[in-house]
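What follows is a short report on a single structure.
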Protein chains: 2
Amino acid sequence: MNRRITVAIDAMGGDFAPVSAIEGSVDALAANENVSIILVGDKETLEKGLEGQSYDKDRLEIVHASEVIKAEEHPMIAVQRKKDASLLVAMKLVKDGRADAVISAGSTGAMLLGSRKYVGLVKGVERPALAPLIPSVNGFSLLIDCGANVDARPASLVKFAKMGSIYMEHLMGVKNPRVGLLNIGTEEYKGNQLVRETFPLLKECKDINFIGSLEARDVPFDKADVIVAEAFAGNVVLKMYEGVAAALMSKIKETMMSSLKGKIGGLLIKKDLKNTLKVFDASEHGGAPMFGTKGLVVKAHGNSTRKEIRIAVEQCMTFVEQDIAHLIEIAVQPDNQKEMTENDI
Amino acid sequence: MNRRITVAIDAMGGDFAPVSAIEGSVDALAANENVSIILVGDKETLEKGLEGQSYDKDRLEIVHASEVIKAEEHPMIAVQRKKDASLLVAMKLVKDGRADAVISAGSTGAMLLGSRKYVGLVKGVERPALAPLIPSVNGFSLLIDCGANVDARPASLVKFAKMGSIYMEHLMGVKNPRVGLLNIGTEEYKGNQLVRETFPLLKECKDINFIGSLEARDVPFDKADVIVAEAFAGNVVLKMYEGVAAALMSKIKETMMSSLKGKIGGLLIKKDLKNTLKVFDASEHGGAPMFGTKGLVVKAHGNSTRKEIRIAVEQCMTFVEQDIAHLIEIAVQPDNQKEMTENDI
């Protein structure tokens, strides 16, 4: 039998807090025997939310937290001042060994900062990386980093490549995952200084399947399983995905509504189209893991519903069962990357 | 009467060279009285291509060039070695005062490098910026820079903002164009070092309408007329546009073909949908101007057809008629930006 895994959920973060955290937890408990959940947030609110819900009471616990970090707050100030925030209390549960993983749909910045202080980083990692799965025409790719590592150095990008490879191989079941470096052209001489310095380092790595540079236009076309990017560029990729898809869809809808013919045509393809678009909806692929933390930290989308929270819980279970944090720790150990640390100064 | 404007066209650059250059020139001459065109490339090939075409022979000239710079060549090496390349010969015509503007659908890198050497830069500009018009839900925005200024400094981004504003106001007729800075969040403290340093400089500029940071997800939603970005990030925006739109469309087509209902529905909306997608096709908005060069340099899309070449010629005419190069020269003069040059060291 597998060991029981405990997931702490920041119940107060996200657009639909605390409802989606509560309902998602109930669903996750019903679907999985080996998981326990700790809901962190205002005790009274959470108890009220759980009223009338049917779930295994032995596997659901509430831990009270008196404060909430809001999305619009300055993350650094919030993390410093709101020591009793639901997010940070949930993270402390991981540090104290009471939980194996933490999920939040709240402030990304606060999660990245909080995870350094309250969860702790794997040796050899300076800052955690945020790595969402982004859709492609055939499935999805892992985009690493979209987080707070702006102005990262080449050695960090090499670590992203290694951590991403391990995740895709051991959690997503992709054999020998292809690693591509986001660039403005496929030729080796192209790119900014960071990319030009990172390219040869990735080429030298024997433990990853580096396939070279990848242009942004190829990102949705399943050319790589792991897309390595500095966080600013990664963020642009992620949000362009969202923006262009949304803009195009609003235009298509407008087209359909502009004539009777369009309305009939639209009606005929509506359902199939909706399924197609689901494939291109990042939220379908669960939360974005943060790599480099000692326990798993999962950033759920701000507008996560019960379904996304349930998926995120299951993601945590696989992560812990496969001991991916340990694999990552070995891969990024300073001893394993002498060639990088030399270039890293 | 307006003065006659002469446009030099690199007839050998692009996927459909020299056919689209020849046909586009013929169309441009027929549609506009005040333009002369110089086609630059292999004389024999061009003469043969013009056979049977009907055009005003007094306004079309061929200038021979024995070499061609190919898209896959290293731009720096190509520009150094192929001194008789059609692109560079066309650029020299601008330098020598024989042409007012130059158009090429060839290598962007070679154009950016060649324009420094063969066209010359406006005082106060170190490297030309490439600024395509990108589609939005209501029209289009100017994205500056997508060119070769990777790792640009804050002062360069301020110049981009000024040059872009002038172009949008005087060539595209947008009154008091809104300038947004591409960032990973809208809060002032967000971003990488470059963006954080650029933000206050743009805020101080009295000659532009700076509206603050702009997230990539808002790029297609007409939130700004001029989107200022460092070239690496700008390139990612441009190519994500292309990639996501293409991927989404291939998925939608797949959906339509997967069932009889879908096929019928697709048939009904096909024509309207095509028109919608045209709006989201960057090539419809003509070539991307390079700013900061003494004469106008227009980068036409690699797969430009006769139509895009004709539009690019007309773009050159307006640019010269409105004397936009001169307006840009005044705006970026070192005297006008003391606060910038201090920050630029």
Side-chain angles (χ1 to χ4, degrees), chain A residues 72 74 76 109 135-137 150-151 182 184-185 187 189-195 215-221 230-233 235-252 254-256 258-259 261-262 264-270 272-273 275-277 279-280, chain B residues 72 74 76 109 135-137 150-151 182 184-185 187 189-195 215-221 230-233 235-252 254-256 258-259 261-262 264-270 272-273 275-277 279-280:
Chain A
E72 61 274 17
H74 192 303
M76 203 180 287
S136 81
V137 287
V150 287
D151 303 318
L182 184 71
I184 57 172
E187 301 86 351
Y189 64 84
K190 282 209 173 166
N192 53 15
Q193 199 188 339
L194 173 67
V195 163
E215 283 196 85
R217 75 157 68 88
D218 289 328
V219 164
F221 285 97
E230 178 273 334
F232 192 95
N235 194 287
V236 170
V237 166
L238 188 68
K239 288 179 180 163
M240 278 302 291
Y241 227 119
E242 230 178 290
V244 175
L248 204 55
M249 284 323 298
S250 84
K251 277 286 172 197
I252 290 171
E254 225 176 73
T255 306
M256 285 177 182
S258 66
S259 72
K261 225 170 62 177
I264 299 169
L267 220 58
L268 286 167
I269 60 166
K270 202 177 165 186
D272 288 339
L273 202 58
N275 288 331
T276 300
L277 296 178
V279 176
F280 265 73
Chain B
E72 61 275 17
H74 192 303
M76 201 180 289
S136 81
V137 287
V150 285
D151 303 317
L182 183 71
I184 57 172
E187 302 86 351
Y189 65 84
K190 282 210 172 166
N192 53 15
Q193 199 188 340
L194 173 67
V195 162
E215 281 196 87
R217 76 156 67 89
D218 289 327
V219 165
F221 285 96
E230 178 273 333
F232 192 95
N235 194 287
V236 170
V237 166
L238 188 67
K239 288 179 181 164
M240 278 302 291
Y241 228 119
E242 231 177 289
V244 175
L248 203 55
M249 285 323 298
S250 83
K251 276 287 172 194
I252 290 173
E254 224 176 73
T255 305
M256 286 177 181
S258 66
S259 71
K261 225 169 65 175
I264 298 169
L267 221 60
L268 287 167
I269 59 166
K270 200 177 165 186
D272 289 338
L273 202 58
N275 287 331
T276 300
L277 296 178
V279 176
F280 264 73

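When reading the values below, keep in mind they use all heavy atoms of this one structure, side chains included, and skip hydrogens, waters and symmetry mates. Throughout, protein chains are lettered first and strands after them, A, B, ... in sequence-line order, and every chain is numbered starting at 1.
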Under a 4.5 Å heavy-atom cut-off, does chain A meet the side chain of B:V219, its backbone, both or neither? side chain

Engaged part of B:Q193 at the chain A interface, taking heavy atoms whose separation is under 4.5 Å: both

Minimal non-hydrogen separation, B:A233 against A:V236, with atom names: O-CG1, 4.3 Å

Against chain A, label B:M249 side chain, backbone, both or neither, depending on which of its atoms sit under 4.5 Å from a heavy atom there. side chain

Nearest-0.5 Å distance, CG of residue A:L182 to CZ of residue B:F232: 5.0 Å

Which residues pass the side-chain hydrogen bond (donor to acceptor under 3.5 Å, both in side chains) test with B:E242, sequence neighbours left out? A:R217

Output the distance between atom CG (A:N235) and atom CG (B:N192), rounded to the nearest 0.5 Å. 10.5 Å

Residues A:P220 and B:A247: closest non-hydrogen pair is CB-CB, 3.6 Å

What part of B:F221 lies closer than 4.5 angstrom to a heavy atom of chain A: side chain, backbone, both or neither? side chain

So, using side-chain hydrogen bond (donor to acceptor under 3.5 Å, both in side chains) as the criterion, who are the partners of B:D218 when residues are at least two apart? B:K223

Spatial distance of atom CG (A:L194) from atom CG (B:D151) [nearest 0.5 Å]: 8.5 Å

Contact summary for A:A216 and B:M240, nearest pair of heavy atoms: O-SD, 3.4 Å

Shortest non-hydrogen pair, B:V244 vs A:A245, comes out as CG1-N, 4.1 Å

